[in-house]
Amino acid sequence: AKLRGLPALTLMASAGWAGLDTDTGKSWGDTFSGDHSTYAAGLSLSIPMRARREKMALEAARLELEAAKADLRGLEIRESQELESAREALALAEDQALSAQSLADLHKKTLEAERKAFERGRSSVEILIRFAEVERAAQRELLRSRSGLILARLGQALAMGLPPVQRKP
């Protein structure tokens, strides 16, 4: 479709045959004989003087395009921030899980050492119970950190646009 807000230059040309006579039959015959050919040519220039509507439509379309580009840039920035945040959360959760595992292993070893000391008669029941409580607290923290790691992995998958994996029962 031609936009009416822009100048237009049009070239026109035509060719044909004509026949003139007092009788219709002779006129038709004269037309198709090719003896009387006609030619016409023309040039048309139209310059819109007041194309406010078209100019306003062009400006509105340009503004809509700029707004859409700005929205896209904003979405790209937010996506990048979400991905970076998810990566950082995953790295932190991995560090916490590793630390909790090390702490749980250490408390398990100290509890075993205290049990051996108790069996040899070098420790009391109260101290053994205290070590067992500390070891259970370390195990709870390990489970908490592992669940945090799973949630961080899920958060990263969602930030990357991956659907969460559903396990069948």
Side-chain angles (χ1 to χ4, degrees), residues 1-13 43-169:
K2 179 170 71 171
L3 189 59
R4 286 183 278 159
L6 300 174
L9 180 63
T10 308
L11 174 64
M12 299 167 287
L43 190 62
S44 169
L45 174 66
S46 65
I47 300 173
M49 300 302 236
R50 301 180 125 201
R52 281 191 215 151
R53 252 185 282 152
E54 287 80 7
K55 287 179 184 176
M56 287 173 43
L58 279 174
E59 183 64 18
R62 188 187 65 76
L63 290 173
E64 285 179 21
L65 177 63
E66 290 300 318
K69 286 179 181 178
D71 287 346
L72 179 62
R73 283 191 299 270
L75 286 173
E76 288 170 347
I77 289 170
R78 279 195 298 275
E79 179 185 19
S80 174
Q81 289 172 342
E82 285 180 21
L83 280 172
E84 185 60 30
S85 176
R87 278 190 210 107
E88 289 174 2
L90 180 60
L92 178 63
E94 286 172 344
D95 288 345
Q96 287 175 343
L98 187 61
S99 297
Q101 182 66 53
S102 299
L103 189 62
D105 291 343
L106 178 66
H107 284 299
K108 188 174 183 176
K109 288 177 185 176
T110 56
L111 178 61
E112 285 302 315
E114 193 59 32
R115 275 195 186 131
K116 288 178 183 175
F118 178 75
E119 289 172 0
R120 288 188 302 240
R122 294 188 174 171
S123 181
S124 67
V125 174
E126 292 85 18
I127 293 175
L128 185 60
I129 291 172
R130 175 92 123 198
F131 274 95
E133 288 173 352
V134 170
E135 195 268 339
R136 273 191 235 116
Q139 289 297 325
R140 282 192 302 272
E141 185 58 36
L142 176 61
L143 290 175
R144 219 176 278 126
S145 67
R146 284 182 180 168
S147 63
L149 180 59
I150 291 169
L151 290 174
R153 285 181 180 153
L154 178 63
Q156 186 181 28
L158 290 174
M160 291 171 61
L162 300 174
V165 177
Q166 295 182 355
R167 295 185 180 172
K168 294 182 180 179

Atom CZ of Arg144: over 12 foreign heavy atoms under 6.0 Å: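 Atom CZ in Arg144 is crowded, with more than 12 foreign heavy atoms closer than 6.0 Å.
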Does atom CZ of Arg120 have more than 12 heavy-atom neighbours, drawn from other residues, nucleotides or ligands, at distances under 6.0 Å? yes
Could you check Glu94 against Leu98 for side chain to side chain contact (heavy atoms under 4.5 Å, CB included), going step by step and ending with a plain yes or no? CA-CA 6 Å; Glu94 286 172 344; Leu98 187 61; over 6 Å; no
Decide, yes or no, whether a salt bridge links [X] with [Y] under the criterion of side-chain N to carboxylate O below 4.0 Å.
X	Y	result
Glu84	Arg87	yes
Arg62	Glu59	yes
Glu112	Arg115	yes

Sidechain-backbone polar pair: Ser80 side chain, Glu76 backbone, donor-acceptor under 3.5 Å: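 Not confirmed, Ser80 side chain does not pair with Glu76 backbone.
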Has Ser99 got a side-chain atom pairing as donor or acceptor with Gln96's backbone, closer than 3.5 angstrom? no
State, to 0.1 Å, how close [X] and [Y] come at their nearest heavy-atom pair, and which atoms those are.
X	Y	value
Glu141	Ala100	O-CB, 4.1 Å
Ala152	Ala89	CB-O, 3.9 Å
Ala159	Ala86	CB-CB, 3.9 Å

From [X] [atom1] over to [Y] [atom2], what is the distance, rounded to the nearest 0.5 angstrom?
X	Y	atom1	atom2	result
Leu149	Gln101	CG	CD	11.5 Å
Leu65	Lys69	CG	NZ	4.5 Å
Asp71	Glu64	CG	CD	11.5 Å
Leu83	Glu79	CG	CD	5.5 Å
Leu45	Leu11	CG	CG	12.5 Å
Asp105	Gln139	CG	CD	8.0 Å

Are side-chain heavy atoms of His107 and Leu111 found at a separation under 4.5 Å? no
